[in-house]
Protein chains: 2
Amino acid sequence: MPETPAPAAFPEKIRLNDLVCFAVYSANNAFNRFYKPIMAELGLTYPQFLVLMALWEEDGQGVGQLGERLGLESNTLTPLLKRMETAGVIERRRDKADERRVAVQLTPPGRDLEAKAGALLACVPQATGMTTDELVELRTAVERLRDNLACARDGD
Amino acid sequence: MPETPAPAAFPEKIRLNDLVCFAVYSANNAFNRFYKPIMAELGLTYPQFLVLMALWEEDGQGVGQLGERLGLESNTLTPLLKRMETAGVIERRRDKADERRVAVQLTPPGRDLEAKAGALLACVPQATGMTTDELVELRTAVERLRDNLACARDGD
DNA sequence: CACGATTAAATCGTGCGCGATATAATTGGG
DNA sequence: CCCAATTATATCGCGCACGATTTAATCGTG
């Protein structure tokens with residue numbers, strides 16, 4: 001009589017709570033919900049805020065550079081940037097040297113939001129209930145996960 | 001002459017890459033992109049797959065229970081479930097005892113997807129480039145972050 | 001210089017995710 | 001028993017996110 005199949009080798013049914021992807025998915029939703037009222041005070045959405053973050057680091061980036069920075073395509077960014085232009089926080093202008101490119105420039109109101117945002121976001125670390133060290137470690141791990149997934153999807 | 005202001009005490013400008021929320025946001029997008037072709041083979045979207053996961057654990061859940069499980073509201077779930085019903089993987093039926101409730105039942109095709117999904121998702125841990133222990137640790141930390149954000153948003 | 005190939009944005013359609021609201025069924029206090 | 005309050009879904013509108021395609025400008029090779 002052969003050995004009974006090792007229970008440990010028998011693949012447990014995978015549950016929702018075992019999936020890293022679900023943890024990330026639901027944490028992202030939780031961040032969105034947490035940020036929504038804060039962003040509303042700035043007259044922004046959360047993705048629009050991320051675009052502004054990128055522009056506060058380097059103004060005048062093209063749509064493609066922003067997409068590279070944020071991991072988004074022009075089909076997402078173009079309408080988003082148009083809404084931000086309507087809201088008066090950025091301006092979009094064609095590059096004179098290369099008319100294919102569109103440079104995104106902060107307006108003075110767009111620049112002024114940086115200080116306000118800094119003040120409003122000061123509460124976030126507290127809300128995470130984690131120490132600074134834990135947050136750095138977590139962020140580093142999530143970035144590694146993200147980058148590995150991205151390059152596994154492309155050519156390894 | 002006074003000391004030069006301590007550089008360490010001077011609050012560095014916060015950069016996109018310092019934000020945990022951006023790491024989570026971009027990792028979630030990366031998961032979506034990674035899963036998309038896999039889910040396409042199952043005829044599903046990623047959120048639809050998460051609903052099926054919940055139903056494979058417990059069939060016949062109501063819309064509200066599913067929402068609780070996934071962290072979603074009826075305004076997200078109702079149209080999503082209708083698409084899944086059209087796709088033939090679930091059925092929705094009003095509860096006889098309480099006509100307000102809608103129970104979500106797996107169809108045989110919906111049940112059969114569990115095995116296929118298991119096979120197709122076997123490649124995921126490899127793609128993350130992390131060890132099992134690292135993934136467990138990461139998932140636990142992300143869940144803690146998510147839960148803390150959720151309860152900070154409600155009544156602390 | 002010409003013209004196909006490449007590059008950069010924009011457009012289109014679909015599916016979430018959610019705030020606000022509506023609809024319908026059940027419950028509970030007088 | 002009745003009707004206001006509560007509960008469970010559903011509806012509506014908006015803003016992402018993205019695959020597929022289009023438009024327009026630039027580049028490269030002959």
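Small disclaimer: the values here were computed from a predicted structure and weren't measured. So that the names make sense, note that chain A is the first sequence line, chain B the second, and so on, each numbered from 1.
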Could you go through the salt bridge (Lys or Arg N to Asp or Glu O under 4.0 Å) check for A:E41 and A:K116 one step at a time?
CA-CA 9 Å; A:E41 295 213 30; A:K116 285 193 213 167; over 6 Å; no

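The CG atom of A:L120 sits 11.0 Å away from atom OH of A:Y35, with the distance rounded to the nearest 0.5 Å.
Of all nucleotides in DNA chain C, those with any atom nearer than 4.0 Å to a heavy atom of chain B start and finish, going 5' to 3', at C:dG15 to C:dT26.
Between A:T128 and A:L138, the closest side-chain pair of non-hydrogen atoms is not below 4.5 Å. Using a 4.5 Å heavy-atom cutoff, the side chains of B:Y46 and B:I38 are not in contact. Residues A:Q105 and A:R92 have side chains not in contact (no heavy-atom distance under 4.5 Å, counting atoms from C-beta outward).
Taking every heavy atom of residues 41-78 of chain B and every atom of DNA chain C, pairs under 4.0 Å involve B:T45, B:P47, B:Q48, B:G71, B:L72, B:N75, B:T76, by number.
A:D95 places its CG atom 11 Å from the C1' atom of D:dA25, with the value rounded to the nearest Å. Between B:F34 atom CZ and D:dA17 atom C1' the separation is 19 Å, expressed in whole Å. Across the protein-nucleic acid pair, B:K36 atom NZ and D:dA17 atom P stand 12 Å apart, rounded to whole Å. Straight-line distance from the CG atom of A:N29 to the P atom of D:dC16: 15 Å, rounded to whole Å. Rounded to whole Å, the distance from CE on B:M39 to P on D:dC18 is 16 Å.
Summary of the strand contacts: A:R33 and A:V102 both lie near DNA chain C, and taking for each the nucleotide with the nearest heavy atom, the more 5' one is attributed to A:V102. For the pair B:D98 and A:L80, both in contact range of DNA chain D, the more 5′-proximal nearest nucleotide belongs to B:D98.
Ion pairing of B:E91 with B:R93 is present here, as a side-chain N (NZ or NE/NH1/NH2) and a carboxylate O approach within less than 4.0 Å.
Taking all atoms of both residues into account, the shortest heavy-atom contact from A:L66 to A:L55 is CD2-CD2, 4.1 Å. In this structure, A:L113 and A:W56 approach most closely via the heavy-atom pair C-CZ2, 3.7 Å.
Taking a 6.0 Å sphere around CD of B:E73, one finds it holds 12 or fewer heavy atoms contributed by other residues, nucleotides or ligands.
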All N/O pairs under 3.5 Å across the protein-nucleotides 1-6 of chain D interface:
none

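A:D98 pairs with exactly one of A:R94, A:K96, A:R100 by the side-chain hydrogen bond (donor to acceptor under 3.5 Å, both in side chains) rule, that one being A:R100. Among the candidates A:Q61, A:E58, A:E57, the single residue satisfying the side-chain hydrogen bond (donor to acceptor under 3.5 Å, both in side chains) test with A:R69 is A:E57.
Nucleic acid contact for B:A97: sugar-phosphate only, since backbone atoms but no base atoms lie under 4.0 Å from a heavy atom of the residue.
Shown here, D:dC1 forms a base pair with C:dG30; the pair counts as Watson-Crick or G-U wobble because both key distances fall under 3.5 Å.
OP1 or OP2 of D:dA10 has at least one side-chain nitrogen or oxygen of B:R92 nearer than 4.0 Å.
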